[in-house]
Amino acid sequence: MPPFAIENILELDRRHVWHPYAAMVDPPPVFPVAAAHGVRLRLADGRELIDGMSSWWAAIHGYNHPALNAAMHEQIDRMAHVMFGGLTHGPAVALAEQLTGIAPAGLASVFFCDSGSVAVEVAIKMALQYWIALDRPEKNRLLTIRGGYHGDTFGAMAVCDPVTGMHGMFRAHLTPHFFADRPTCRFDGPWDERDLESFRQLITVHHDQLAGVILEPILQGAGGMWPYHPEYLRGVARLCEQYDVLLILDEIATGFGRTGRLFAAEHADLRPDILCLGKALTGGCMSLAATLATRRVSDTISAGGAGVFMHGPTFMANPLACAAALASVKLLLGSDWQTRVRAMEAQMARELAPCRDLPQVADVRTIGAVGVVELHRPVAMRRITRRFVERGVWLRPFGRLVYIMPPYIITADDLTRLTTAMVETIAEEQGGAA
Ligand SMILES: *Cc1c(COP(=O)(O)O)cnc(C)c1O
């Protein structure tokens, strides 16, 4: 009997385990997974689901990939972990070199941490410490755009969308930042200069208080799955330069090919001062994130009063996670991922198009390996999840959004099964509460 073959897993889960954004009282159903391989999740009852989520953007190579497993086996026999204060190791150094080589030009200093939210906290702290070091501590606010998502910790929450995020409940504990209107020009539509007006106005008025601008380039993820125009970002970068405000890009979701470029910043030739990476960094098999900064940022902080950057997670640069990340990045760069992602985009656009004719559908959009159907009303989560599982696919809609971002290795046939399940299930969907 394999370990964790727990007879009463659902009962024990219900009794003791808190799931993300879930209640402990009358929790929604969860599905026990026994194993996963390629694009398939095998449930404990033997059913197999085609994965449309890549475990939240992360598993770009699919599950149980032999190259990632081999890298982790090799590393675990040396050491699973060792502290990073005063010590260093091959996996971290090799990964840092690799990342600085592929990231937008100029990002030469890498700070490792454990999760995306912490990478955002680190980025915010870097921006604040940069201005403190320059004796301009009044530059301590951030400017962002509405509809963003940057994580669940307090610093990150404060720059998430103020309406759909958690500002209402935690207002008293969140630093008030500045929010420009969300860009409305679509990624593949015409550009209208007026789209930048709200952002231009805020940075013009408040730049003396601004440490940085933080946003998700090209594709806003969990805040609404919204791909917007590269020209917006070129305008943002110009204004940051003009008003001496640091540009922080959160590529935790978009990084590693998801939007069709290795980093979404490339769609607009951006050169950020600070860049956050996570999610697909390890190919989805370990928790690891990184915040990259230019030498200007890291040298200024290092020359400041504190003399050091004030952050240091216990599990910083975990060797096992770094080894997995290095293997994942090499696997990606050695593959023909651009062709795959382009083919997925074309196929999803074609196969999701019929949703446009459904009265309950407000919009259909695709970018890179992401396909989104936006409904007029929120989906009934429990019902729609059950219907997807019955159709042999794994999707996790939220609010009015039903979307897929499968592993890049998915075959055309499996992708058709995902899109077919989407179209059929959405056609049944009337909206309303579960
Ligand atoms: C998921 C996400 C985060 C938070 O990452 P965690 O690993 O969940 O803490 C931050 N920013 C963006 C853009 C994300 O998609």
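Every number for a ligand or one of its atoms is a count from 1 in the order of the listing. Given the structure is predicted, the values throughout are model-derived calculations rather than measurements.
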Pairs meeting criterion salt bridge (Lys or Arg N to Asp or Glu O under 4.0 Å) with involvement of residues 394-405, two or more places apart = Glu374-Arg400
Quick one: salt bridge (Lys or Arg N to Asp or Glu O under 4.0 Å) pairs with a partner in residues 218-231, sequence neighbours left out?
-> Glu231-Arg234
Do His229 and Asp192 have side-chain atoms, one donor and one acceptor, less than 3.5 Å apart?
->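 Their side chains do not contain a donor-acceptor pair, so the 3.5 Å distance test is not met.
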Are a donor atom and an acceptor atom from the side chains of Asp51 and Tyr63 found within less than 3.5 Å of each other?
-> yes
What ring pair (Phe, Tyr, Trp, His ring centres under 6.0 Å) pairs are there with at least one residue in residues 259-297, not counting sequence neighbours?
-> Phe187-His267, Phe256-Phe263
Under 3.5 Å: N or O atoms of ligand 1 paired with protein N or O:
residue, atom, partner, partner atom, Å
ligand 1, 5 (O), Ser117, N, 3.4
ligand 1, 7 (O), Gly116, N, 2.9
ligand 1, 9 (O), Gly116, N, 3.4
ligand 1, 9 (O), Ser117, N, 2.7
ligand 1, 9 (O), Ser117, OG, 2.6
ligand 1, 11 (N), Asp250, OD1, 3.4
ligand 1, 11 (N), Asp250, OD2, 2.7
ligand 1, 15 (O), Lys279, NZ, 2.6

Whether over 12 other heavy atoms sit under 6.0 Å from Met310 CE =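 Count not over threshold, so no.
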